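To start, the structure itself, in structure tokens.
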Amino acid sequence: MKKGILPLILASALLLGACGGGGSSGPAQPATGRLSLKVGDAPVDGASEVVIVFTGLELHSNGATTSIDFAEPMQVDLLDYQDGATVSLLEGREVAAGEYQWMRLKVIAERNRNDGSWIKFEDGRQFPLYVPSGSQSGLKLNRPFRVAAGGITRLVADFDLRKSILAPRGQDPNYLLKPVLRLMDELEAGTLEGEVDPAALASAPRGGGAGPADCAAGLYLFTGGDATPDDADGDAADGADPLVYKPLPFDGTNAVVPYTFAFVEAGTYTLAATCQFDVDESPEASEYDPGAADGAPGFGTMQWTVAGDIVVAANQVTVVDLP
């Protein structure tokens with residue numbers, strides 16, 4: 001099992017307008033716009049700091065790459081920006097209108113580099129974060145998008161670093177940053193939120209426990225209204241991995257645990273809660289296999305309480321409580 005660390009949300013806005021004043025007798029100028037870029041929304045397991053050092057970005061359009069460099073590297077602790085909160089990396093930068101094939105965030109994330117990105121744990125241990133190929137690779141958003149001349153295009157990129165930060169192998173002191181990213185139009189994204197009752201979840205027919213203290217609660221969001229829940233194992237052969245997922249820690253006092261999934265692209269989804277999130281969280285626990293036969297490895301390892309056919313609308317908040 002590949003254990004991840006955190007999700008991260010990046011939001012960008014492209015404000016576009018045609019250049020050239022009315023009545024000009026000069027040649028027509030290329031249509032341009034202005035670029036704003038934000039990052040945020042990064043709940044995390046077990047870390048006190050997750051700092052990414054950003055140095056700029058690249059936009060790729062029809063074989064040409066536009067590079068934008070920051071005057072100074074920007075250190076952003078993602079844990080300061082959670083549940084939809086964001087911090088701006090870039091505002092009001094003019095860009096060309098047109099079709100873009102990808103966007104890349106340039107970062108300092110190299111092996112054994114002390115002035116680059118890092119992760120720090122609650123016990124005080126700190127380790128470098130590195131991307132294969134280092135600063136040349138960066139964080140790539142591979143979905144095409146279009147900047148319409150004279151209009152406004154707002155993009156949201158969801159960096160699911162819970163799946164993307166991998167523990168080092170052997171004696172390597174560096175943590176690997178291998179980003180899993182989603183890109184969407186902010187105008188087509190909404191929010192899913194609600195509450196989960198750990199006690200009711202644990203006592204449900206498929207809860208697996210007798211009370212909230214016995215429930216290692218976790219919440220999973222899947223694309224499609226009738227998805228079969230699976231754990232986040234990176235193996236598509238036994239079922240689709242969740243789009244996003246998170247633990248729901250019980251504080252021992254409040255009856256319910258609130259949750260928020262910000263920047264969810266408009267569409268239909270399945271929400272599933274489990275009391276066996278520790279199975280997914282631990283590399284030592286037995287993998288879950290939704291298609292396993294009785295008695296086979298992975299059978300019955302995780303139990304689910306499911307809500308299907310959840311419709312998320314653009315610029316709207318959808319509320320779903322479980323169970």
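All of these numbers come straight from a predicted model, not from anything done at the bench. Starting from 1, each residue takes its place in the sequence as its number. Side-chain atoms are counted along with the backbone in the values below, which use heavy atoms only and exclude waters and symmetry mates.
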Nearest non-hydrogen partners of Leu201 and Ala273, listed with the distance
CD1-CB, 3.8 Å

Classify the angle between the aromatic ring planes of Phe277 and Tyr245 as parallel (below 30°), tilted (30 to 60°) or perpendicular (above 60°).
tilted

Quick check: closest heavy atoms across Trp304 and Asp230, and the distance to 0.1 Å?
CH2-O, 3.9 Å

Carboxylate-amine/guanidinium proximity below 4.0 Å for Glu265 and Arg143:
yes

Please check if the side chain of Asp321 supplies one atom and the backbone of Glu195 the other of a donor-acceptor pair under 3.5 Å.
yes

Would you indicate whether the side-chain heavy atoms of Leu243 and Phe222 approach each other to under 4.5 Å?
no

Using the ring centroid of each side chain, check whether Tyr175 and Trp118 are separated by less than 6.0 Å.
no

With rounding to the nearest 0.5 Å, note down the distance linking CE in Met103 to CG in Leu141.
6.0 Å

In terms of hydrophobic clusters joined by side-chain contacts under 4.5 Å, are Val317 and Phe263 together?
no

Return yes if some donor-acceptor pair links the side-chain N/O of Ser117 with the main-chain N/O of Ile108 below 3.5 Å, else return no.
yes

Over all atoms of both residues, closest heavy-atom pair of Ala266 and Ala314:
CB-N, 3.9 Å

Should Leu129 and Phe127 be counted in the same cluster of Ile, Leu, Val, Met, Phe, Trp and Tyr side chains packed under 4.5 Å apart?
yes

Check against side chain to side chain contact (heavy atoms under 4.5 Å, CB included), Arg111 and Asp172:
CA-CA 10 Å; Arg111 192 190 297 268; Asp172 192 338; 2.4 Å; yes

Could you report the tightest heavy-atom contact between Val311 and Thr318, atom names first, then the distance?
O-OG1, 3.1 Å

Mind checking whether Phe261 and Val320 have side chains closer than 4.5 Å, heavy atoms only?
no

Under a 4.5 Å cut-off applied to non-hydrogen side-chain atoms, are Phe299 and Asp289 in contact?
no

Other residues, nucleotides, ligands: >12 heavy atoms within 6.0 Å of Asn114 CG:
no

Looking at every heavy atom in both Leu59 and Tyr100, which two are closest together, and how far apart are they?
CB-CE2, 3.6 Å

Just wondering, do Ile310 and Thr268 contact through their side chains at under 4.5 Å, heavy atoms?
no

Given Tyr259 and Leu271, is the side chain to side chain contact (heavy atoms under 4.5 Å, CB included) satisfied, shown in steps?
CA-CA 12 Å; Tyr259 74 88; Leu271 190 66; 3.3 Å; yes

When you group the ILVMFWY residues by side-chain heavy-atom contacts below 4.5 Å and let the links chain together, are Leu187 and Leu192 in the same group?
no

Test item: Ser61 side-chain N/O and Glu99 main-chain N/O as donor-acceptor pair under 3.5 Å
yes

Single-linkage hydrophobic cluster Phe121~Val50, side-chain heavy atoms < 4.5 angstrom:
yes

Should Asp69 and Lys106 count as side-chain neighbours, where that means a heavy-atom distance under 4.5 Å?
yes

Report yes if some heavy atom in the side chain of Pro198 is under 4.5 Å from a heavy atom in the side chain of Leu248; otherwise report no.
no

To the nearest 0.5 Å, what is the distance between OG1 on Thr305 and CG on Leu322?
7.0 Å

Are any non-hydrogen side-chain atoms of Val196 and Leu219 less than 4.5 angstrom apart?
yes

With sequence neighbours excluded, tell me which residues meet side-chain hydrogen bond (donor to acceptor under 3.5 Å, both in side chains) with Glu58.
Arg104

Treating Asn174 as the side-chain partner and Asn112 as the backbone partner, does any N or O pair qualify as donor plus acceptor under 3.5 Å?
yes

Set out, in order, the CA-CA distance, both residues' side-chain angles and the distance that settles side chain to side chain contact (heavy atoms under 4.5 Å, CB included) for Gln101 and Asn62, then state yes or no.
CA-CA 7 Å; Gln101 286 70 54; Asn62 299 322; 3.7 Å; yes

With a 3.5 Å distance limit and no angle check, can you tell me whether Thr191 reaches the backbone of Gln316 through a side-chain donor-acceptor pair?
no

Quick one: does any side-chain atom of Thr270 pair with a main-chain N or O of Gly224 as donor and acceptor, under 3.5 Å?
yes

Chi angles and distances behind the side chain to side chain contact (heavy atoms under 4.5 Å, CB included) call for Tyr130, Leu177
CA-CA 5 Å; Tyr130 80 96; Leu177 180 59; over 6 Å; no

Is any side-chain heavy atom of Ile119 less than 4.5 Å from a side-chain heavy atom of Gln126?
no

Find out if a path of hydrophobic residues (ILVMFWY) with successive side-chain heavy-atom gaps under 4.5 Å connects Val147 to Trp102.
no

Could you tell me which residues satisfy salt bridge (charged side-chain N to carboxylate O under 4.0 Å, His left out) with Asp80, sequence neighbours excluded, listed by chain and number?
none

Taking Gln303's backbone N and O only, do any of them form a donor-acceptor pair with Gln276's side chain (distance below 3.5 Å, no angle check)?
yes

When you measure from the side chain of Asn254 to the backbone N and O of Val256, does any donor-acceptor pair fall under 3.5 Å?
no

If only side-chain N and O atoms count, and only distance matters, is there a donor-acceptor pair under 3.5 Å linking Asp280 with Tyr220?
yes

So which atom in Val107 and which in Thr55 form the shortest heavy-atom distance, rounded to 0.1 Å?
N-OG1, 4.0 Å

